[in-house]
Enquirer: 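This is the structure I want to talk about, given as structure tokens.
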Amino acid sequence: MQTLRRPDGGSTPAYAAGPVHDAGAPGLVLIQEWWGLNEQIKATADRLAAQGLRVLVPDLYRGKLAASGEEANHLMSGLDFVDACDQDLAAAVAALGQGGAKVGVMGFCMGGALTVAAAARLSGLSAAVCFYGVPPKQLADPAQIAIPFQGHFATLDDWCTPAVAAQLETDMKAAGRQPDIHHYAAQHAFFNASRPEVFDAGCADLAWQRLLAFLHRHLEF
């Protein structure tokens, strides 16, 4: 774990993976699902770090973890999304961007929604990868995203529905953007191997290959 300095002078705890002190290597801010900074998201950070990325996962819940959907919903509902984006995520972007390294942002579920928010609201980013999460427009308008953007959405998702995903793509294209959007015949959280009831190995592997190719292209590693 590391402690990051927020723009407002506060601090943010974050899980660090990879050569985090190698200022020349590209960085990636990975954003947790609504469960919190659990072992699954840490394992995902380690997996990405093994590809040569410096990865930081801000602990948005400050140590709290959810064991049930009800607890997760309670924690997510209590999160100040503007503060999480403009302070916690901004702190991670700044830490990884020292020395001029390229920095990307990526997240799942709640973290996917915050990925959209970060891509629209924060400077210093070179790419964004969103998995099945879109924020309300009052938090972030996808039309404001000017960096390369890749999205992964599930056709059987009843939270980030196909209609919600389609609207994000429509809004971005109407603004002249060219998002790289992919759809999978799977359920919400299909990438999460710790949830066998929704995990889809085939879709997860295809998404992994696509996101790595995207990050290699835009973060140049």
Side-chain angles (χ1 to χ4, degrees), residues 1-66 72 75-76 79-81 83-119 121-131 133 147 150 191-194 204 207-208 211-212 214-221:
M1 298 294 295
Q2 289 191 353
T3 300
L4 309 177
R5 180 64 59 189
R6 291 166 36 122
D8 65 2
S11 61
T12 300
Y15 179 75
V20 292
H21 298 297
D22 179 4
L28 183 69
V29 181
L30 179 61
I31 313 174
Q32 68 192 52
E33 293 183 308
W34 70 344
W35 306 106
L37 182 58
N38 59 14
E39 293 306 312
Q40 186 274 332
I41 202 70
K42 290 179 181 178
T44 302
D46 293 341
R47 188 181 179 192
L48 289 160
Q51 299 294 318
L53 292 163
R54 296 176 298 132
V55 184
L56 287 175
V57 192
D59 185 357
L60 303 181
Y61 292 164
R62 304 300 195 270
K64 295 179 181 178
L65 294 172
L75 287 171
M76 183 178 73
L79 182 68
D80 183 336
F81 275 66
D83 183 77
C85 179
D86 296 0
Q87 297 295 330
D88 294 333
L89 301 185
V93 172
L96 291 169
Q98 292 179 6
K102 288 183 176 291
V103 181
V105 61
M106 172 181 161
F108 302 86
C109 179
M110 180 187 83
L114 280 166
T115 294
V116 174
R121 297 173 67 99
L122 302 182
S123 60
L125 288 167
S126 296
V129 180
C130 164
F131 276 79
I147 60 174
Q150 185 178 72
F191 194 87
N192 190 336
S194 71
W208 175 255
L211 77 88
L212 283 185
F214 179 83
L215 292 176
H216 274 296
R217 184 163 64 252
H218 297 294
L219 299 186
E220 301 176 2
F221 70 102

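Computed from a prediction, not measured in an experiment: that's the story for all the values here. One-based numbering along the sequence shown.
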Enquirer: Run the side-chain contact (heavy atoms from CB on, under 4.5 Å) test on Arg5 and Thr12 for me, step by step, so that the C-alpha distance in whole Å, both residues' side-chain angles and the decisive distance to 0.1 Å come before the verdict.
Expert: CA-CA 6 Å; Arg5 180 64 59 189; Thr12 300; over 6 Å; no

Enquirer: Return the OG to CG distance between Ser126 and Leu219, rounded to the nearest 0.5 Å.
Expert: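 Here the interatomic distance stands at 6.5 Å.
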
Enquirer: Search all heavy atoms of Ser11 against all heavy atoms of Thr3 and return the closest pair with its distance.
Expert: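 Heavy atoms only, the tightest pair is CB-CG2, 3.6 Å.
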
Enquirer: In the structure I gave you, are the side-chain heavy atoms of Phe108 and Leu30 within less than 4.5 Å of one another anywhere?
Expert: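 Yes, at least one pair of side-chain atoms sits under 4.5 Å.
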
Enquirer: Which heavy atom of Ala45 sits nearest a heavy atom of Ala17, and at what distance?
Expert: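 So the two residues come closest at O-CB, 3.9 Å.
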
Enquirer: For Ile31 and Val105, run side-chain contact (heavy atoms from CB on, under 4.5 Å): C-alpha distance rounded to whole Å, both residues' side-chain angles, the deciding distance at 0.1 Å, then the answer.
Expert: CA-CA 8 Å; Ile31 313 174; Val105 61; 3.7 Å; yes

Enquirer: Using every non-hydrogen atom in the two residues, find where Ile147 and Ala119 come nearest and quote the distance to one decimal.
Expert: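 Scanning both residues, the minimum pair turns out to be CD1-CB, 4.0 Å.
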
Enquirer: Evaluate the side-chain proximity of Val57 to Lys42: yes if any heavy-atom separation is below 4.5 Å, no if none is.
Expert: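 Heavy-atom side-chain distance check fails, nothing below 4.5 Å.
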
Enquirer: Considering non-hydrogen atoms only, spot the tightest contact between Leu125 and Ala118 and give its length.
Expert: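 Nearest heavy atoms, Leu125 then Ala118: CD1-O, 3.6 Å.
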
Enquirer: Give me the atom names and distance for the closest heavy-atom approach of Gly36 to Ile41.
Expert: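 In this case the closest contact between Gly36 and Ile41 is O-CG2, 4.0 Å.
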
Enquirer: Walk me through whether Leu60 and Met110 qualify under side-chain contact (heavy atoms from CB on, under 4.5 Å).
Expert: CA-CA 11 Å; Leu60 303 181; Met110 180 187 83; 4.2 Å; yes

Enquirer: To the nearest 0.5 Å, how far apart are CG in Leu122 and CD in Gln87?
Expert: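 Nearest 0.5 Å value for the CG-CD distance: 10.0 Å.
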
Enquirer: Are the side chains of Phe221 and Gln51 in touch, meaning some heavy atoms are under 4.5 Å apart?
Expert: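 When only atoms from C-beta onward are counted, Gln51 and Phe221 do touch, with a gap below 4.5 Å.
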
Enquirer: Could you walk me through whether Arg47 and Trp208 pass the side-chain contact (heavy atoms from CB on, under 4.5 Å) test, one step at a time?
Expert: CA-CA 10 Å; Arg47 188 181 179 192; Trp208 175 255; 3.4 Å; yes

Enquirer: Parallel, tilted or perpendicular: which fits the ring planes of Phe131 and Phe191, with parallel below 30° and perpendicular above 60°?
Expert: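 Tilted: the ring planes of Phe131 and Phe191 meet at 30° to 60°.
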
Enquirer: To the nearest 0.5 Å, what is the distance between OH on Tyr15 and CG on Leu37?
Expert: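 Here the interatomic distance stands at 8.5 Å.
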
Enquirer: Determine whether Pro13 and Arg62 make a side-chain contact, defined as any pair of heavy atoms from C-beta on separated by less than 4.5 Å.
Expert: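 Yes, their side chains come closer than 4.5 Å.
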
Enquirer: Just how far is it from atom CG of Leu212 to atom CZ of Arg217, taken to the nearest 0.5 Å?
Expert: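 Separation between the atoms: 11.5 Å.
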
Enquirer: Would you compute the distance between atom CG of Asp46 and atom CD of Glu39 and round it to the nearest 0.5 angstrom?
Expert: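 Going from CG on Asp46 over to CD on Glu39, the span is 9.0 Å.
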
Enquirer: From Leu114 CG over to Met106 CE, what is the distance, rounded to the nearest 0.5 angstrom?
Expert: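 Taking CG in Leu114 and CE in Met106, the distance rounds to 14.0 Å.
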
Enquirer: According to side chain to side chain donor-acceptor pair (under 3.5 Å), does anything in residues 25-34 pair up with another residue at least two apart or in another chain? List the pairs.
Expert: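 Non-adjacent pairs meeting side chain to side chain donor-acceptor pair (under 3.5 Å): Glu33-Asn192.
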
Enquirer: What pair of heavy atoms forms the shortest contact from Leu4 to Ala14, and how long is it?
Expert: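 Smallest interatomic distance, heavy atoms only, reads CD1-CB, 3.7 Å.
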
Enquirer: Quick one: does Arg54's side chain have a donor or acceptor within less than 3.5 Å of a partner on Leu96's backbone?
Expert: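 At least one qualifying donor-acceptor pair exists.
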
Enquirer: Once salt bridge (Lys or Arg N to Asp or Glu O under 4.0 Å) is applied, do any residues pair with Arg6, and if so which ones, sequence neighbours excluded?
Expert: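 Only Asp8, Asp83, Asp88 meet the salt bridge (Lys or Arg N to Asp or Glu O under 4.0 Å) criterion with Arg6.
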
Enquirer: Counting C-beta onward and ignoring hydrogens, is there a side-chain heavy-atom pair between Pro58 and Val29 closer than 4.5 Å?
Expert: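 They are in side-chain contact.
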
